[in-house]
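Written out below as structure tokens is the structure these notes cover.
A, B, ... follow the sequence lines: proteins, then strands. Residue 1 opens every chain.
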Number of protein chains: 2
Amino acid sequence: MVRKTKEEAQATRNQLLDAAARLFCEQGVASSSLHEIAEAAGLTRGAIYWHFENKGDLLTALWERVALPMQQAFDEVAQQQAMDPLARIQRKACWVAECIETNEPVRMLMTILMLRCEFTQELESTRGHFLRVREDCLTQMAEEVRLAMQAGQLDPAQDNEKIAVGLFGLVDGLCFHWLIAPGRFQIASVTRLSVSAYLAGFKP
Amino acid sequence: MVRKTKEEAQATRNQLLDAAARLFCEQGVASSSLHEIAEAAGLTRGAIYWHFENKGDLLTALWERVALPMQQAFDEVAQQQAMDPLARIQRKACWVAECIETNEPVRMLMTILMLRCEFTQELESTRGHFLRVREDCLTQMAEEVRLAMQAGQLDPAQDNEKIAVGLFGLVDGLCFHWLIAPGRFQIASVTRLSVSAYLAGFKP
DNA sequence: ATTTACATACATACAAGGATGTATGTATAG
DNA sequence: CTATACATACATCCTTGTATGTATGTAAAT
């Protein structure tokens, strides 16, 4: 039972990613051996080494599988021209929190990235991805803030980049706390409240 | 050259903690073997196993060595009765950011906890410590918020706990971003700006 | 329509190197 | 003399990477 069709091979790859996500999430990246992952997927390490280079590559693939569609959805929210700049900012910030709560793959990936992996030399490429995506989002967000300033919704005397950085910190920090202390608070409502207060603090 | 005095033994223990902090920070907790740590401290694994039970215990000790004095300093800030409640809140929130920037042991520990370790079963006790300290701080902060509401500085119609949770998220999120992208922004100034805007958004 | 040839998609086997925990040795402070 | 504060030695278990085996899909040649 070898040499399957391309579709079956893709299914195998997804099985491996699913198993890796579950094990990484449960017991951490370092503590999950490739043998365990393969076994959890009902396969052997040979399958892993066929589809991926090593554990780092596996994690990167996991991240891409979730992040790519998420990035698209994020951009779609950004295209909502019906809303004014400030409403768009608020919507985008809260959307991340909602995703973490409702979308299990996203929640698992964020759990892995924030609590179950070590950003060391081995995962340098993963960290690079992370930083680049973050930088893109930050640039977009700073631009939105600038537009909100132009529209008279935020104080134009402020630094739009700093405002965007603070907003990112707020959202990611809430995600971090919610993930490490699950069920401690309602992330969606707290994020809505916090973000609107934060933005209100920058009104002219 | 064995059987040293108690002071010398304590110094040995500190050497081990110093070496562990450095290695954990540089290459992560999981990637740092006890042999490496002992070697970096100019000792052997025997010394580690004499002073600590295992790697998890070592990390817990590391955390306690930094967190205990930090907790005290934090409480001292809380005792500043000269300031009004809102100023105290602002001061405490910003103090963390300042610490991370100026106090190297604190920065290293936060780097380890946020980026270089996996909160899995093995570090369950460390995570427990973390959560308990966080819960204490949160309770204190919520109380301060309540006082600020009583003093008419914040909107009493709001939920003081939620405000405190949001503040924690903001501060920790900024720390996280600053640690993962070092030098990307000035943490002290951004934190000051963000926190004051956040709090301003809750004014009556 | 077979056969041939090759690439694909894994499974299995092998070698080497740690890492951990523990048991034991040992010199000295108290 | 005894407990202390380590160093050393040992056994066990994993883990990774790679090399090799193998069965099948697929396309081209005949």
Side-chain angles (χ1 to χ4, degrees), chain A residues 1-20 22-24 26-62 116-118 120-126, chain B residues 1-20 22-24 26-62 116-118 120-126:
Chain A
M1 66 244 323
V2 245
R3 179 54 184 143
K4 313 189 178 162
T5 65
K6 288 191 192 260
E7 295 82 39
E8 285 174 314
Q10 193 62 27
T12 298
R13 191 184 129 103
N14 278 322
Q15 281 176 40
L16 289 172
L17 288 174
D18 290 341
R22 197 157 46 82
L23 285 180
F24 284 169
E26 282 173 9
Q27 47 184 355
V29 173
S31 308
S32 305
S33 73
L34 297 182
H35 172 73
E36 273 180 308
I37 295 170
E39 198 178 23
L43 297 160
T44 66
R45 271 186 10 209
I48 293 185
Y49 278 104
W50 174 254
H51 286 283
F52 312 96
E53 286 181 22
N54 49 36
K55 202 196 276 185
D57 187 37
L58 183 55
L59 181 60
T60 301
L62 202 56
R116 303 282 193 273
C117 86
E118 304 180 357
T120 62
Q121 211 65 25
E122 194 189 332
L123 298 184
E124 188 55 33
S125 67
T126 304
Chain B
M1 64 236 335
V2 246
R3 179 53 184 143
K4 313 186 178 166
T5 66
K6 287 194 190 262
E7 295 82 40
E8 286 173 315
Q10 192 63 28
T12 297
R13 191 184 129 101
N14 278 321
Q15 283 175 40
L16 289 172
L17 287 175
D18 290 341
R22 197 157 46 81
L23 285 180
F24 285 170
E26 282 172 10
Q27 46 184 356
V29 173
S31 309
S32 304
S33 73
L34 297 182
H35 173 73
E36 273 180 308
I37 295 170
E39 197 178 25
L43 297 160
T44 66
R45 270 184 5 190
I48 293 185
Y49 277 105
W50 175 255
H51 287 284
F52 311 96
E53 288 181 20
N54 49 36
K55 200 195 277 185
D57 187 38
L58 183 55
L59 181 59
T60 301
L62 202 57
R116 304 281 194 273
C117 86
E118 304 179 357
T120 61
Q121 211 64 26
E122 194 189 333
L123 299 184
E124 187 55 31
S125 66
T126 305

In whole Å, I'd like the distance from the [atom1] atom of [X] to the [atom2] atom of [N].
X     : N      : atom1 : atom2 : value
A:E39 : C:dA11 : CD    : C1'   : 14 Å
A:I48 : D:dT15 : CD1   : P     : 12 Å
A:I37 : D:dC14 : CD1   : P     : 16 Å
B:D57 : C:dG21 : CG    : P     : 11 Å
A:E36 : D:dT15 : CD    : P     : 6 Å

| message | Using heavy-atom distances to pick each residue's nearest nucleotide on DNA chain D, tell me which of A:S33 and B:G46 is more 5'. | response | B:G46

Would you say a side-chain N or O of [X] is under 4.0 Å from OP1 or OP2 of [N]?
X     : N      : result
B:T12 : D:dA5  : no
B:H51 : D:dC6  : yes
B:K55 : C:dT20 : yes

| said: As an exercise, state the distance from CG of A:L62 to CZ of A:F52, rounded to the nearest 0.5 Å. | reply: 8.5 Å

| said: Between D:dT15 and A:R45, counting only base atoms on the nucleotide and side-chain atoms on the residue, is there a donor-acceptor pair under 3.5 Å? | reply: no

| note | Judged by nearest nucleotide, the residue sitting upstream toward the 5' end of DNA chain C, B:N54 or A:W50, is A:W50

| field | Upstream residue (5' side of DNA chain C) when B:E7 and B:L34 are each assigned their closest nucleotide | value | B:L34

| field | Atom CD of B:E124 with >12 non-hydrogen neighbours under 6.0 angstrom | value | yes

| Donor-acceptor contact below 3.5 Å, side chain B:E118 vs main chain A:V29 | yes

| Nearest-nucleotide pick for A:Y49, side chain only, options being D:dG17, C:dT22, D:dT4 | D:dG17

| Do B:N54 and B:I48 come close enough that some side-chain heavy atom pair is under 4.5 Å? | no

| With a 4.0 Å cut-off on heavy atoms, is A:T44 in touch with a base, just the backbone sugar-phosphate, or nothing at all? | base

